[in-house]
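Here's the structure, in structure tokens; my notes come after.
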Amino acid sequence: MSFLEAYHLELEALSPVHVGTGEVYPAYAYVPDREAKQVHLLDPAALLLSLPEARRRQYLEKVAQGPKAAQEILNFLYQEGQLPQGAILRTVGASAAFFKTLEDATEEAALEWRPLPQSPLGPYLPGSSVKGALRTAWLFWTLLRRGEVVEFREGRWTLRKASRDGEALIRPPKSPKLQDNQTFEATVLGYMGGRGPDLYRDPFRAVRLSDSGPGEGFLNRIGVFHPGKDTRGLILLAETFRKGSRFSLSFRYHKGLSAPERKGVAGPIPPGELKKALREYYRKVAEWEQAFAEDHGLKRALEVYQELKERLEDPEVFPLRVGFGSGRLALRLALLLPEDHLEAQEPKTRKTIGATNPQDGYPLGWMVGRMR
């Protein structure tokens, strides 16, 4: 009997994907080439060392004046051919909406953009981000399959059988804390110990995911759509994986860890069941998001949800939502909350990408996958 199952997890982006790193590239560290539709990322230290004394002083003075002035001097140096090649770290394609944002920026605008995770070979999709999406679906599936209600009472989570069909399966505290979220997962997945979560028994310890290989980044504009407000001024510039990007990750399931005699993790996560969980959970999220898009005329979003529906006609394909902009519905199991909590948790806005007008943008993070 084999205690290890190994698969290739193949993913395809149906909409742009951004995974944050906490880093930002400020205005003095990149220069746009509008004609080539590219942006050159710079090493400021190498740039300073290679510039003549007079140009170095001019560059530093402009940087001190603010991001707009920094962009002006870098554009001037680039157009004049005075930007040394040794100062360019890498070059990234960019959208028309990205360049439009740069052009319309005011002196006070922070013209910084957020990169994807990077290896020496290029940007990659972290396995940890994908694993988080798998985990959320499995939490949903676990509660749904058991028909159990997880309820916060007297400072802790408890499980009980649902008393009626359609009863909300999560009854949270009024003001949940981070610790409450951690103990919620431990209670549902069976690794809650006497003093708190026993991470050694977390079932997802048996699931190992590699990072993807290097992909191709693309700079874009992320906006916020609100049905009743003009939110075009809420802008984030970020590096993304484009719609149609493909990834391959190594997926290993150590099923021996869930064997009762080994006293390992609290329960099994068979890959076949995990695929069912993903199809069940993210289809419901997509249906909810599609209804919002229909109500508010989000045409690009509707294109994504229609393609997702078509791709899921293949029973081996499953959906998931990864990274920044995935939304509260995908991240917080809001579909299992009582109606009054759901109304409070349902987001009033949606992040979209690729358009100056947020209503014309794509939703973020939708992918389809299969295991081979």
In terms of heavy-atom contacts, does CZ of R242 have more than 12 from other residues, nucleotides or ligands at under 6.0 Å?
-> no
Before accepting this row, confirm whether a basic side-chain N of the pair R57/E53 lies closer than 4.0 Å to the acidic partner's carboxylate O.
-> yes
K351 NZ/CZ over F324 ring centroid, <6.0 Å and within 45° of normal = yes
Using 30° and 60° as the class limits, which term best fits the ring planes of Y281 and F140: parallel, tilted or perpendicular?
-> tilted
With a cut-off of 6.0 Å (strictly less than), are more than 12 heavy atoms of other residues, nucleotides or ligands near NE2 of H8?
-> no
Using distance only, find each side-chain donor-acceptor pair of residues 91-102 under 3.5 Å and give its atom names and separation, not counting sequence neighbours.
{"residue": "T91", "atom": "OG1", "partner": "H40", "partner atom": "ND1", "Å": "2.8"}
{"residue": "S95", "atom": "OG", "partner": "A97", "partner atom": "N", "Å": "3.4"}
{"residue": "S95", "atom": "OG", "partner": "F98", "partner atom": "N", "Å": "3.1"}
{"residue": "S95", "atom": "OG", "partner": "N220", "partner atom": "OD1", "Å": "2.8"}
{"residue": "T101", "atom": "OG1", "partner": "A97", "partner atom": "O", "Å": "2.8"}
{"residue": "T101", "atom": "OG1", "partner": "R221", "partner atom": "NH1", "Å": "2.9"}

Report the distance from atom CD of E216 to atom CD of E239, rounding to the nearest 0.5 Å.
-> 10.0 Å
Should the heavy atoms of other residues, nucleotides or ligands under 6.0 Å from NZ of K284 be counted, would the total exceed 12?
-> no
R350 charged N/C atom sitting above F225 aromatic ring, 6.0 Å / 45° = no
Run the salt bridge (charged side-chain N to carboxylate O under 4.0 Å, His left out) check on E307 and R311 step by step: do they pass?
-> CA-CA 6 Å; E307 183 177 2; R311 299 292 288 275; 3.6 Å; yes
Nearest heavy-atom pair of R279 and D314: which atoms, and what distance?
-> NH1-O, 3.1 Å
Evaluate the side-chain proximity of L237 to I222: yes if any heavy-atom separation is below 4.5 Å, no if none is.
-> no
Is the closest basic N to carboxylate O distance between D202 and R135 below 4.0 Å?
-> yes
Should we say atom CZ of R145 is surrounded by more than 12 heavy atoms from elsewhere, each under 6.0 Å from it?
-> yes
Pair R114 + E112, salt bridge at N-O below 4.0 Å = yes
Evaluate the side-chain hydrogen bond (donor to acceptor under 3.5 Å, both in side chains) criterion for residues E167 and S163: first the C-alpha distance (whole Å), next the side-chain angles of each, then the deciding distance (0.1 Å), finally the verdict.
-> CA-CA 7 Å; E167 181 179 3; S163 58; 3.0 Å; yes
For atom OH of Y28, decide whether the heavy atoms of other residues, nucleotides or ligands shown that lie under 6.0 angstrom number more than 12.
-> no
Are E5 and R252 within salt-bridge range, i.e. N to O under 4.0 Å?
-> no
Do L42 and L89 have side chains that get closer than 4.5 Å, going by heavy atoms?
-> no
CZ/R90: more than 12 non-hydrogen atoms of other groups inside 6.0 Å = yes
Could you list all the ring pair (Phe, Tyr, Trp, His ring centres under 6.0 Å) pairs where at least one residue sits in residues 50-74, not counting sequence neighbours?
-> none
Side chain to side chain contact (heavy atoms under 4.5 Å, CB included) filter on S129, not counting sequence neighbours, yields V19, P126, V322
F247 ring center near F241 ring center (under 6.0 Å) | yes
Within 45° of the six-membered ring axis of Y200 and under 6.0 Å from that ring's centre, is NZ or CZ of R205 located there?
-> yes
Candidate pair E310 and Q306, rule side-chain hydrogen bond (donor to acceptor under 3.5 Å, both in side chains), full reasoning | CA-CA 6 Å; E310 293 171 358; Q306 179 60 35; 3.1 Å; yes
In short, P363 meets P16 closest at the heavy-atom pair O-CD, 4.0 Å
